[in-house]
*Asks:* 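First the structure, then my questions, so here it is.
Lettering of chains follows the sequences in order, A, B, ..., and the numbering in each one begins at 1.
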There are 2 protein chains.
Amino acid sequence: MNTTKLSTADVRREAVVASAVTMFAGSGYLGTSVAAIAEHAGISQAYVFKLFPSKELLFVTTLEHCFDLVLAALERGAAASPDQSPDAMLYAMGGAYAELIGDRSLLMLQVHAQSAASVPEIGAALRKGLRATTLLAKSRSNACDEAVQRFIAYGQLCHLIVVTGLDHNPPDWASLITAGIRHP
Amino acid sequence: MNTTKLSTADVRREAVVASAVTMFAGSGYLGTSVAAIAEHAGISQAYVFKLFPSKELLFVTTLEHCFDLVLAALERGAAASPDQSPDAMLYAMGGAYAELIGDRSLLMLQVHAQSAASVPEIGAALRKGLRATTLLAKSRSNACDEAVQRFIAYGQLCHLIVVTGLDHNPPDWASLITAGIRHP
DNA sequence: CATGTGAGTGACTATACACTCACCATCTGT
DNA sequence: ACAGATGGTGAGTGTATAGTCACTCACATG
């Protein structure tokens with residue numbers, strides 16, 4: 001039961017998380033109703049509460065899934081780097097991240113999670129994801145601390161650019177902060 | 001009437017905005033009820049709706065006020081810089097910003113605004129504030145575009161650090177991204 | 001005194017939402 | 001054939017919340 005085959009309930013749970021990524025990314029933690037997620041997943045709202053004990057835990061699970069995907073993308077990027085130098089590794093990881101967040105959902109989810117971080121469980125999940133991301137960037141790239149810090153900072157800048165819509169039809173002044181940033 | 005004296009309604013409006021900064025910063029746009037803001041300001045909820053036509057516009061007004069304070073702080077920092085070189089100017093402005101957001105309210109308000117940016121009016125206010133901040137940093141420092149971009153990116157990193165609570169009793173790994181960052 | 005005006009409120013409405021519960025349906029092992 | 005586990009739902013409940021409205025009170029002015 002714990003080896004290869006998932007029960008249908010676990011399959012459902014994954015489908016609900018997939019819907020939750022989309023819906024939470026669109027409207028945030030408080031702005032998204034469980035009913036909307038259930039409808040998107042094609043099941044009743046009551047069944048969502050059978051699969052997850054609370055909206056809060058559904059959000060946390062969704063956020064953890066988001067970070068799993070981010071970590072996998074960084075890993076992929078690192079593996080595909082043409083060159084083992086720290087700068088090249090970080091550049092490759094950045095490119096893989098930019099590609100991953102192409103549909104904005106995973107990015108928006110992180111933005112909304114930051115806004116909901118005062119909910120203890122959500123804040124803890126955010127810290128855990130940031131920790132894993134940072135440490136992976138450090139260990140795979142072998143870059144100095146300053147370069148890793150820069151990597152994270154420019155990731156946040158990328159979030160800001162997308163949130164403000166500066167990547168779509170950017171005004172003239174926007175090139176000041178969007179120049180060189182790889183965004184979707 | 002338009003010169004020096006404010007009517008009591010305008011005074012009230014300012015008091016409500018001050019309360020709104022605190023309350024919205026604490027619980028976000030959707031997480032804060034107008035009743036809570038009214039109570040904090042010591043007036044009835046009905047009167048808040050006489051002073052502001054909607055919760056949305058109250059939030060936008062509050063956010064604009066936040067950016068006014070940010071711009072004033074940057075201006076102050078620039079004016080106090082011991083040295084006119086671009087690097088020194090940006091450093092001084094960064095220090096003034098770090099000091100301004102010492103109580104976290106103005107920082108958290110920006111984070112929550114990013115999460116609520118899909119509301120058109122809020123997104124527009126955010127873009128406007130970012131534009132003004134970026135252009136001010138550029139024009140006062142005379143720094144190159146890359147340095148201004150870096151200035152904004154590290155500002156966002158600062159937000160992330162505060163949101164995740166990494167500035168209070170930081171775990172060991174946190175120094176990777178908090179090193180050198182001036183936060184409250 | 002009469003009258004008008006701006007400040008301020010209590011009580012209400014309509015709705016939306018997280019969460020619950022009693023219940024049905026379908027499969028599975030014996 | 002049947003007992004029980006597992007998948008799934010319709011119909012609620014209680015509460016919170018944005019926004020409204022009819023109203024009161026203080027005060028200024030003619």
Side-chain angles (χ1 to χ4, degrees), chain A residues 1-20 22-63 112-113 115-116 118-122, chain B residues 1-2 5-20 22-63 112-113 115-116 118-122:
Chain A
M1 191 182 279
N2 56 1
T3 53
T4 55
K5 199 74 176 287
L6 292 176
S7 81
T8 59
D10 284 334
V11 169
R12 281 295 201 196
R13 235 182 295 267
E14 288 183 359
V16 170
V17 167
S19 289
T22 301
M23 301 304 287
F24 278 134
S27 319
Y29 176 53
L30 292 173
T32 304
S33 71
V34 175
I37 295 168
E39 188 179 8
H40 187 272
I43 63 177
S44 74
Q45 183 233 34
Y47 193 39
V48 173
F49 280 101
K50 285 238 162 120
L51 297 172
F52 297 90
S54 68
K55 182 185 182 180
E56 184 183 316
L57 214 85
L58 171 56
F59 187 84
V60 168
T61 304
T62 304
L63 187 58
H112 290 310
S115 174
S118 60
V119 177
E121 296 270 3
I122 296 177
Chain B
M1 189 183 282
N2 56 1
K5 199 75 175 287
L6 292 177
S7 80
T8 59
D10 284 335
V11 169
R12 280 296 200 198
R13 236 182 295 267
E14 288 182 1
V16 170
V17 167
S19 289
T22 301
M23 301 305 285
F24 278 134
S27 319
Y29 177 53
L30 292 173
T32 305
S33 72
V34 175
I37 295 168
E39 188 179 8
H40 187 271
I43 63 176
S44 73
Q45 183 236 32
Y47 193 39
V48 173
F49 281 101
K50 286 237 163 122
L51 297 172
F52 297 89
S54 67
K55 182 185 182 180
E56 184 183 316
L57 213 85
L58 171 55
F59 187 84
V60 168
T61 304
T62 305
L63 186 59
H112 290 310
S115 174
S118 60
V119 177
E121 295 270 1
I122 295 176

*Asks:* More than 12 foreign heavy atoms under 6.0 Å from CD of B:Glu39: is that the case here?
*Replies:*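 Atom CD in B:Glu39 is not crowded, with 12 or fewer foreign heavy atoms closer than 6.0 Å.
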*Asks:* Check whether any side-chain N or O of B:Thr8 sits under 4.0 Å from OP1 or OP2 of C:dA7, and answer yes or no.
*Replies:* yes
*Asks:* Please check if the side chain of B:Arg12 supplies one atom and the backbone of B:Leu51 the other of a donor-acceptor pair under 3.5 Å.
*Replies:* no
*Asks:* Using whole Å, report how far NZ of B:Lys55 lies from C1' of C:dT15.
*Replies:* 15 Å
*Asks:* What's the separation between atom CZ in A:Phe24 and atom OG1 in A:Thr32, rounded to the nearest 0.5 Å?
*Replies:* 5.5 Å
*Asks:* Figure out the CG/C1' separation between A:Leu51 and D:dT6, and round it to whole Å.
*Replies:*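 Interatomic distance, CG of A:Leu51 to C1' of D:dT6: 12 Å.
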*Asks:* In whole Å, I'd like the distance from the CG atom of A:Leu30 to the C1' atom of C:dA16.
*Replies:* 13 Å
*Asks:* Can you see if the side chain of A:Arg12 gets near the phosphate of D:dG7 - specifically, an N or O under 4.0 Å from OP1 or OP2?
*Replies:* no
*Asks:* Separation of B:Met23 atom CE from D:dT17 atom C1', in whole Å?
*Replies:*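 Taking CE of B:Met23 and C1' of D:dT17, I get 14 Å after rounding.
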*Asks:* Where along residues 34-47 of chain A does a heavy atom fall under 4.0 Å from DNA chain D?
*Replies:*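 Nucleic-acid contacts, sorted: A:Ile43, A:Ser44, A:Ala46, A:Tyr47.
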*Asks:* Can you establish whether the number of heavy atoms outside A:Glu56 located under 6.0 Å from its atom CD is more than 12?
*Replies:*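 Yes - once you tally the heavy atoms of other residues, nucleotides and ligands closer than 6.0 Å, there are more than 12.
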*Asks:* So which atom in A:Ser115 and which in B:Ser115 form the shortest heavy-atom distance, rounded to 0.1 Å?
*Replies:* CB-CB, 3.4 Å
*Asks:* Which is more 5' along DNA chain D, the nucleotide nearest B:Glu56 or the one nearest B:Lys50? Just name the residue.
*Replies:*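 Comparing both residues, the 5'-ward one is B:Glu56.
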*Asks:* Expressed as a whole number of angstroms, how long is the span from A:Phe49:CZ to D:dA11:P?
*Replies:*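 One finds 19 Å between P of D:dA11 and CZ of A:Phe49, rounded.
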*Asks:* Rounded to the nearest 0.5 Å, what's the gap from CD1 on B:Ile122 to OH on B:Tyr29? Could you check?
*Replies:* 4.5 Å
